[in-house]
Amino acid sequence: MSNVYSSTHPLVAHKLTRLRDKNTDPKKFRELVRELAALLAYEATADLATAPRQIETPLAPLDGVELSEKIGLVPILRAGLGMVEGVWELIPQAEVWHIGLYRDERTLKPVEYYNKLPVEPTVSVCLILDPMLATGGSAVAAVDVLKRWGVRRIKFVGLIGAPEGIAALQKAHPDVPIYLAAVDDHLNERGYIVPGLGDAGDRQFGTG
Ligand code: PRP
Ligand code: URA
């Protein structure tokens, strides 16, 4: 699992435990998703390119840097929406491009229902935001869409991954690094991650 980065940060582990708790209400759940997304994005963006930038501090001139890549945040509707704000706080200049995918409950295959990407890519690096990497079908489809759009550097930022989903994403797109708060044990017969946290969309939006 060479390109899988499962966070070892105590803050991530602490917040993820509260997120998983079935007694955590939607308001707290959304707060935790937002905070976890920011912590993981901090780790996932450690290799972003910078360019020199000269400024003056109140005391002296300084050779500083600024981000030199155009960054796109790509939340997968619905559940990925809750991850946007936390990452956007860190990278306010990022563009946000939404992709709508849902899993057919019977086949577990992703169905695309929203995509308004313009013809030419407007960013050079994309962070796909989706809390759950279960069978991997949705993540593979999202990367397919972004590669067809013309983006070369793509990273997947999620909260919990199942071994099955990680393997599927690595097989289809070995060039896409995967950043997670945890790798869980297995998928159940309905394609849910165990122990997981349940349905990430329903728990955020109160629709369970
Ligand atoms: C969830 C989740 C992922 C997908 C993961 O979305 O947010 O997008 O399932 O499953 P997979 O790896 O097996 O494809 P869901 O389809 O429940 O839609 P929602 O976000 O609208 O609730
Ligand atoms: N989608 C979710 O929201 N939870 C899972 O465990 C699997 C897919």
Between A134 and A162, the two heavy atoms sitting closest are O-CB, 3.7 Å
One should read off an interatomic distance between L159 CG and M83 CE, to the nearest 0.5 angstrom, of 4.5 Å
**Asked** Backbone N or O of V96 within a donor-acceptor pair of the W88 side chain at under 3.5 Å?
**Response** no
Margin query: Looking at L187, is its backbone amide N or carbonyl O close enough to the side chain of E164 to form a donor-acceptor pair, meaning the two atoms are under 3.5 Å apart?
Written below: yes
#### Entry: Whether Q204 side chain and A200 backbone form a donor-acceptor pair below 3.5 Å
yes
Closest heavy-atom pair, V151 versus S124, reported as atoms and distance to 0.1 Å, is CG1-O, 3.8 Å
The single option from T45, V74, V84 that satisfies side chain to side chain contact (heavy atoms under 4.5 Å, CB included) with L127 is T45
Closest heavy-atom pair, K70 versus V123, reported as atoms and distance to 0.1 Å, is O-CB, 3.5 Å
- prompt: Think R78 forms a cation-pi with Y113, using NZ or CZ under 6.0 Å from the six-ring centre and within 45 degrees of its axis?
  reply: no
Expected output: side-chain R18 to main-chain L32 donor-acceptor under 3.5 Å = no
request  = Go through the steps for L129 and I76 under the test side chain to side chain contact (heavy atoms under 4.5 Å, CB included), then give the verdict.
outcome  = CA-CA 6 Å; L129 307 178; I76 307 305; over 6 Å; no
Quiz item: Does the side chain of L133 reach to within under 4.5 Å of the side chain of I178, using non-hydrogen atoms?
Solution: yes
Does R34 pair with E31 as a salt bridge, N-O distance under 4.0 Å?
no
- Flag the pair D184 and R20 as a salt bridge only when some basic side-chain nitrogen lies within less than 4.0 angstrom of an acidic carboxylate oxygen. yes
Between I99 and A142, the two heavy atoms sitting closest are CD1-O, 4.3 Å
message = When you measure from the side chain of N188 to the backbone of Y192, do you find a donor-acceptor pair of N or O atoms at a distance under 3.5 Å?
response = yes
(request) Indicate yes or no for a side-chain donor-acceptor contact from D104 to the backbone of P110 under 3.5 Å, with no hydrogens or angles considered. (result) no
* Charged N to carboxylate O under 4.0 angstrom, R153 versus E69? -> yes
When T122, N115, L73 are each screened for side chain to side chain contact (heavy atoms under 4.5 Å, CB included) with W97, the one that passes is T122
- request: Check whether any side-chain heavy atom of V194 sits under 4.5 Å from a side-chain heavy atom of D185, and report yes or no.
  value: no
In short, G191 meets L108 closest at the heavy-atom pair CA-CD1, 3.8 Å
Can you check whether V65's main-chain N or O pairs, donor with acceptor, with T50's side chain at less than 3.5 Å? no
**Q.** Salt bridge K155-D175, side-chain N to carboxylate O under 4.0 Å
**A.** no
On a heavy-atom basis, the closest approach of L169 and V140 is CA-CG2, 3.9 Å
